[in-house]
Amino acid sequence: MHKAYTIRLEGVVQGVGFRPFVQRLADRFGVCGYVRNTLSGVHIHAETTAKTAEAFWKALFRELPPLARITHADRIPCPAQGLSGFTITESRRTGAQSCLISPDAGICPGCLKELFTSTDRRYLYPFINCTDCGPRFSIIQSLPYDRPNTTMKNFRMCPSCNAEYLDATDRRFHAQPNACPECGPQVELVAGHPAENALPAHILKRAGHRKSTEAVAQTIKLLQKGTIVAVKGIGGFHIACDAFNQTAVRRLRLLKHRPSKPFAVMVKDAAAARKLCRVSALEEKILTSPERPIVILQRKSGMAALEDLAPDNNCLGVMLCYAPLHYLLFSRELSSGKPLACLVMTSGNAADEPIETDNAAALKNLGGICGYFLVHDRDIYNRVDDSIVQVIDGRPVVLRRARGHAPLPFSFDKKLKQTLSCGAELKNTFCLTKGSCAFLSQYIGDLKTRGTYASFDQAVKRLATVFAVKPAVICHDLHPDYLSTRYALEQKAKDPSLKLRAIQHHEAHLAGVITEHRIRGKVIGVCFDGIGYGSDGHIWGGEFFFGDLKRFVRAGHLAYVAMPGGDKATQEPFRMAISYLHRTFGDGMYRLPIDFITAHRDRLEQITRLSRLHPILTSSAGRLFDAVSALAGICDIITYEAQAAIRLQMYAERSKTRAAYDFTFEYCGPAFTMQSNAAIRRIVTALERRVPKETIARKFHTGLAAACRSACEELRRRTRINTVCLSGGVFQNKLFLELTAARLRERKFTVYYNELLPTNDGAIALGQAALANAG
Ligand code: ZN
Ligand code: ZN
Ligand code: FE
């Protein structure tokens, strides 16, 4: 006896080969009916036995096409029509527009095979793609996701491409970016720097496939010679050079004003990654996933070349080729001599600016760095950086959420107000809410320059247009000076009907974890962060809370300490070391027989006076890491964010000691402060005794993790809450997160931290959105 069902699916189900997938499945199960696209997703009418219907339903989720994501599904019985066979029918424009956009995806195995098949019509074609792979978010200008709404609208499909596009049995059925050498985009090599000008310094008109291939071959030659070349990719430009050419790498550091921040590298495959780093099975899975992020891997020792790529670091950021063009750069087919093995592929931006996406702008802004530009004529509409992932505590943790992840939403169990959350300042992301979805933007960057601010403004407008969000509420950080705050105030000035909501930085961090893991009930929140504006006007960043999205109580914090010179103390960690020493030893500091005091003798007086005259107080854990790093003689002044803390972590990872420094607690009323005087004293004693830096760094990490556990146990005694959320930038420190989580689990706490979004300020916007919609 046949029954009939209506199956409605929402999520990323269009332009990802979903209907042919349903067709194949239905044929296999002998299900009759049809499938069609709607505005809100996909609609299936299925007629079969109850038992088969159940198996078909399960298989739908189990065997999803690579890029499909289902956010909502339901199945309701309906009258049978006595249909025979299964068909794909025409789209019907019904229902609310709620279809989601797929993130950009790395080339699939099918396309990769064709790319290097000499008889294929797309042999060596840098823009090969299909419904399983290729650009998506980066080229979409509006919904629905149809070719005229993407930057592919400039290219008219040739008859062969069009035939594939219309054939429901083809892998390129409704693949919007479908293209071939006859009809699609092409690459071009353009000389930048006048001194190296061998080619005309203008972009030629449509060059054709042969010239395109020559351009790639020419680029490989240049890279092999040590030239720095800008390469236009999926979501923006990269700056590339041969990673094993020391001169080129050092020159790039000089030109990019980047003396020591690690460079990410690109290699062809997992085997090549294993030559540089240790790669676990999970790490290999992440490397080769369609998201193709930069994966932070443990460096192999004894490779001198890696030292220039990631100075003083135990790790290296590695990604695999993801665009077909990348594979061509590494190919034997287009290389004369030995193919390239490893390329530096760093973001194509000038210091602190957003990555370049436009050919002309890239030529203008990167001309001082890159000798040549490998450009193409498929426009990038939405700028998306490479995502960064690291396996921490045995799980993949996203450290930068961009290409391959954005703009997938976080879904809520309830209907949300239409809001815009502007995020924080560093590593900015913003968040739009609508329906039951929170659309967290891709990584925007540090909102410090006019360029990043413009990029933020543009991305807000574009994402709001694509998802048709008209915010009634705008959330911003409590910090009055953040550009994101200023943006919120400007919107309010333009439209007084908008509601503004200021949200404390660390409460937003904590809300980000609660939202990601859909935690119900109250939690204990540990927020160890760089800096965030506190409700009491001090600079917070070592906070303990309890509560839920409706209300958080600040139950304790790291004891306040002066932050001499305010923001300058972040750039110059020695200031924090002096501050901590003075807090611990008073004027006894001047007589301490340690190298740090000798080295900074001239500054001691001035720095302590500064703290007295302009007292800026902080409870930041990040600044405590900085202080210890400077004190131990590891890092005095930083050239990139969190460098002192990162280097301290690197030393700690090399030590095996299980001993730890002590932190103590002081109670005043219901709140406690965590005191570091005892730990600072012991560090000074260790320095006097010339204990290795590795040991000091390790004992500090272990001690602080144990102190977090003690604080949580105290809070559990008081509140009976057993769930702990760890958040804030300090928990990007793999060692510290793992130590803390392990100690908490030993005492039977349930521990959560951000995994799908970064634990740094990239999570703030989602937390703000959740708090604005709480209650
Ligand atoms: Zn493909
Ligand atoms: Zn074509
Ligand atoms: Fe923060």
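From a predicted model like this one, the values you see are computed outputs, not experimental measurements.
- A donor and an acceptor atom, one from each side chain of Gln643 and Thr639, are located under 3.5 Å apart.
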Could you go through Glu164 and Asn178, starting from their C-alpha distance and side-chain angles, then the distance that decides it, and tell me whether this counts as side chain to side chain contact (heavy atoms under 4.5 Å, CB included)? CA-CA 9 Å; Glu164 295 166 334; Asn178 190 23; 3.2 Å; yes
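- When all heavy atoms of Ile286 and Val391 are compared, the closest pair comes out as CD1-CG2, 3.6 Å.
- At distances below 3.5 Å, at least one donor-acceptor pair connects side-chain atoms of Thr227 with backbone N or O atoms of Leu222.
- Taking the six-membered ring for Trp and thresholds of 30 and 60 degrees, His376 and Phe127 have ring planes more than 60 degrees apart, a perpendicular arrangement.
- Salt-bridge check for Glu214 with Arg210: passed, with a basic side-chain N closer than 4.0 Å to an acidic carboxylate O.
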Side chain to side chain contact (heavy atoms under 4.5 Å, CB included) for Leu255 and Arg251? Distances and angles first, verdict last. CA-CA 6 Å; Leu255 295 173; Arg251 198 158 142 257; 4.2 Å; yes
Would Arg401 and Leu756 count as a side chain to side chain contact (heavy atoms under 4.5 Å, CB included) here? Give the steps. CA-CA 8 Å; Arg401 186 181 176 275; Leu756 290 176; 5.7 Å; no
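- For Phe116 and Tyr123, the ring centers are positioned 6.0 Å apart or more.
- When the options Arg258, His238, Met266, Arg253 are evaluated for a side-chain contact (heavy atoms from CB on, under 4.5 Å) with Thr346, the one that passes is Arg258.
- Remark: side-chain polar atoms of Arg299 are paired, donor with acceptor, to backbone N or O of Asn313 under 3.5 angstrom.
- Not counting sequence neighbours, Tyr453 has no partner by the ring-ring contact (aromatic ring centres under 6.0 Å, His included) test.
- For the pair Glu114 and Arg171, the salt-bridge criterion is met [side-chain N within less than 4.0 Å of a carboxylate O].
- Using a distance-only test at 3.5 Å, with no hydrogens or angles considered, a donor-acceptor pair links the side chain of Asn245 to the main chain of Ala248.
- Within a 6.0 Å sphere centred on NZ of Lys275, heavy atoms belonging to other residues, nucleotides or ligands number 12 at most.
- In terms of heavy-atom proximity, Lys232 sits nearest to Leu325 at O-CD2, 3.7 Å.
- Partners of Tyr443 by ring-ring contact (aromatic ring centres under 6.0 Å, His included), not counting sequence neighbours: none found.
- A salt bridge links Arg250 and Asp308; the closest N-O separation between the charged side-chain nitrogens and carboxylate oxygens is under 4.0 Å.
- Contact check for Leu440 versus Pro409: no side-chain heavy atoms found under the 4.5 Å cut-off.
- When every heavy atom of Gly423 is checked against every heavy atom of Ser484, the shortest pair comes out as O-OG, 3.3 Å.
- For Lys285, the NZ atom sits in a loose shell: 12 or fewer heavy atoms of surrounding residues, nucleotides or ligands are nearer than 6.0 Å.
- A donor-acceptor contact shorter than 3.5 Å links the side chain of Asn428 to the backbone of Cys422.
- When atom types are taken as modelled, the side chain of Thr150 and the backbone of Met152 share a donor-acceptor pair closer than 3.5 angstrom.
- Arg292 places no side-chain N or O within 3.5 Å of a backbone atom of Leu320 that could act as its donor or acceptor partner.
- For the pair Arg156 and Glu182, the salt-bridge criterion is not met [side-chain N within less than 4.0 Å of a carboxylate O].
- The two atoms that bring Val190 and Val375 nearest to each other are CG2-CG2, 4.1 Å, heavy atoms only.
- Between the Lys211 side chain and the Glu188 main chain, no donor and acceptor come within less than 3.5 Å of each other.
- Using modelled atom types, one finds no donor on one side chain facing an acceptor on the other under 3.5 Å when comparing Arg403 with Ser138.
- Of the possible donor and acceptor atoms, one in the side chain of Asp358 sits under 3.5 Å from a partner among the backbone N and O of Ala361.
- Put simply, the side chain of Gln390 never gets that close to the backbone of Val295: no donor and acceptor are under 3.5 Å apart.
- Ring pair Tyr322/His326: centre-to-centre distance below 6.0 Å.
- If you look at Tyr165 and Phe173, their ring centroids are not closer than 6.0 Å.
- Val216 is not listed as a side-chain neighbour of Thr213, based on a closest heavy-atom distance of 4.5 Å or more.
- Counting only N and O atoms by type, the side chains of Asn149 and Gln141 include no donor and acceptor under 3.5 Å apart.
- With respect to the salt-bridge test (charged N to carboxylate O, under 4.0 angstrom), the residues Glu425 and Arg486 do not qualify.
- For the side-chain hydrogen bond (donor to acceptor under 3.5 Å, both in side chains) with Asn760, the qualifying choice from Glu641, Lys427, Gln732 is Gln732, the only one to do so.
- Between the side chains of Ser455 and Thr452, no donor-acceptor pair is found at a separation under 3.5 Å.
- In the displayed structure, Lys268 atom NZ is contacted under 6.0 Å by at most 12 heavy atoms of other residues, nucleotides or ligands.
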Going through the distances and angles, do Lys225 and Lys221 end up as a side chain to side chain contact (heavy atoms under 4.5 Å, CB included)? CA-CA 6 Å; Lys225 278 196 305 197; Lys221 268 197 204 122; 5.7 Å; no
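- Looking at Leu189 and Phe373, their side chains never come closer than 4.5 Å, going by heavy atoms from C-beta outward.
- The minimum heavy-atom distance between Leu366 and Asn349, with the atom names listed, is CD2-C, 3.7 Å.
- At distances below 3.5 Å, not a single donor-acceptor pair connects side-chain atoms of Asn162 with backbone N or O atoms of Cys158.
- Nearest heavy-atom pair across Gly192 and Leu363 is CA-CD2, 4.3 Å.
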